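First listed ligand is number 1; within each ligand, the first listed atom is number 1. Counting from 1, the numbers follow the sequence of the chain as shown. Values below: every heavy atom of this structure, side chains too, minus hydrogens, waters and symmetry copies. In this text, all values refer to a predicted model and were calculated from it rather than measured experimentally.
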Amino acid sequence: MSGLFITMEGADGAGKSTQIEKLKDYLSNKGYDIILCREPGGTVISEAIRTVILNREFTEMGNMTELLLYASARAQLVEEVIRPALEDGKIVICDRFVDSSAVYQGVARGMGSQLVYEVNRYAMGDTVPDITILLDIKGKEGILRKKKQAQLDRMEMESAAFHEKVSDGYRMLAKEHPERIHMIDGTQTIEAIHSQIIEVVDAILDTE
Ligand code: TMP
């Protein structure tokens, strides 16, 4: 039996973590076995790679290094956590996945989505999300929310123009993959967003 792979995407500060927790509670209460993970991270090795990628002092990091580090963290997470969980019939909810690379490295860094998907083919193979929830928020607004919470990491420290390219990139991606990516207005209340997310997830679970 194969499980269900759900990913949550959005610009920094879009509110993914809150919604992931609420979705997890909702599905657990319905009796589903849920595995949560985040990218970059989710395994000891991938978390170690995360500390390198997001280190505020590594401002000299090249785009290709960044792309490959994200892909390496992903390869380990897919092999160690995501693929086995799906093979076991579980629901995996992942905070970010390859679409983040398509948008941040492909669009905002200007590396192109073709290169990004080509590199990531090695990292994830045929493990692709069944549904992706995209929380749509203006890049600038998300960073303002983040600034209130904590010290910014290397990616969050990028310019307002970079974060605007990220939110535009997500909207383009959602148009390219309407069958998989469900875009939800991230400026609504937490409860309103949650009910739209469970509508999407319940619809796919009902067809299984
Ligand atoms: P997080 O703060 O949501 O955990 O994500 C870490 C940062 O890494 C965030 O700014 C988005 C960025 N990112 C990429 O640039 N490419 C990727 O492939 C992933 C997964 C995240």
Side-chain angles (χ1 to χ4, degrees), residues 5-21 23 36-43 45-59 61-78 81-82 92-124 127-129 132-170 172-173 181 186:
F5 185 20
I6 304 173
T7 58
M8 187 78 72
E9 295 280 354
D12 295 83
K16 293 179 283 98
S17 316
T18 311
Q19 292 300 334
I20 285 174
E21 277 305 318
L23 179 60
L36 286 192
C37 50
R38 69 165 180 183
E39 279 220 322
T43 72
I45 294 171
S46 312
E47 290 290 334
I49 297 172
R50 178 187 177 93
T51 62
V52 173
I53 299 178
L54 298 182
N55 189 325
R56 292 164 57 88
E57 288 172 17
F58 293 169
T59 49
M61 189 180 292
N63 288 349
M64 185 53 80
T65 307
E66 184 179 282
L67 174 68
L68 294 173
L69 284 174
Y70 278 114
S72 306
R74 182 163 302 130
Q76 188 65 30
L77 179 68
V78 167
V81 177
I82 299 178
V92 176
I93 308 175
C94 195
D95 185 343
R96 302 191 178 281
F97 198 62
V98 68
D99 296 323
S100 284
S101 285
V103 168
Y104 283 79
Q105 283 66 54
V107 178
R109 295 277 191 231
M111 299 183 83
S113 56
Q114 203 183 336
L115 170 68
V116 171
Y117 284 119
E118 207 173 309
V119 165
N120 276 279
R121 218 165 20 91
Y122 297 100
M124 60 187 202
T127 306
V128 289
T132 299
I133 307 289
L134 166 59
L135 298 185
D136 179 43
I137 182 172
K138 275 198 157 71
K140 267 189 289 199
E141 281 166 22
I143 283 302
L144 283 177
R145 284 189 190 174
K146 281 274 168 184
K147 272 186 182 154
K148 286 188 198 143
Q149 291 168 9
Q151 194 183 47
L152 300 184
D153 64 35
R154 191 179 62 86
M155 299 300 284
E156 291 162 350
M157 281 161 54
E158 285 292 338
S159 65
F162 179 88
H163 292 288
E164 284 305 306
K165 280 188 202 161
V166 167
S167 33
D168 290 348
Y170 271 125
M172 274 177 351
L173 206 64
I181 303 182

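Considering only non-hydrogen protein atoms, atom 9 (C) of ligand 1 sits nearest to D12 OD2, 3.2 Å. The single protein non-hydrogen atom nearest to atom 20 (C) of ligand 1 is R74 NH2, 3.5 Å, given as residue, atom name and distance. Closest to atom 3 (O) of ligand 1, if we only count protein heavy atoms, is R96 NE, 2.7 Å. The nearest heavy-atom contact from the protein to atom 12 (C) of ligand 1 is Y70 OH, 3.1 Å. Of all protein heavy atoms, the one closest to atom 18 (O) of ligand 1 is S101 OG, 2.5 Å. At the top of the distance list for atom 2 (O) of ligand 1, counting protein heavy atoms only, stands R50 NH2, 3.9 Å. Among protein heavy atoms, the minimum distance from atom 16 (N) of ligand 1 is reached at Q105 OE1, 2.8 Å.
No donor-acceptor pair under 3.5 Å is formed between the side chain of Q19 and the backbone N or O of K16. One N or O on the side chain of E9 and one on the backbone of F97 form a donor-acceptor pair closer than 3.5 Å. Not one N or O on the side chain of N120 forms a donor-acceptor pair closer than 3.5 Å with the backbone of A123. A distance-only check finds a donor-acceptor pair linking the side chain of R96 to the backbone of G10 [under 3.5 Å].
The shortest N/O to N/O separation between R38 and ligand 1 does not fall below 3.5 Å.
Salt-bridge formation is detected for the pair R38/E47: a Lys NZ or Arg NE/NH1/NH2 atom is positioned less than 4.0 Å from an Asp or Glu carboxylate oxygen. No salt bridge links E158 with K165; every basic N to acidic carboxylate O contact stays at or beyond 4.0 Å.
Proximity of the aromatic rings of Y104 and Y70 is defined here by a centroid distance below 6.0 angstrom, and this criterion is not met.
Every atom of ligand 1 with a heavy atom of Y104 under 4.0 Å away is listed here by number and element: 10 (O), 11 (C), 14 (C), 15 (O). Taking a cut-off of under 4.0 Å to the non-hydrogen atoms of S100, the atoms of ligand 1 that pass are 16 (N), 17 (C), 18 (O), 19 (C), 20 (C), 21 (C).
At least one heavy atom of K16 lies less than 4.0 angstrom from ligand 1.
Neither side chain, Y122 nor S72, offers a donor N or O lying under 3.5 Å from an acceptor on the other.
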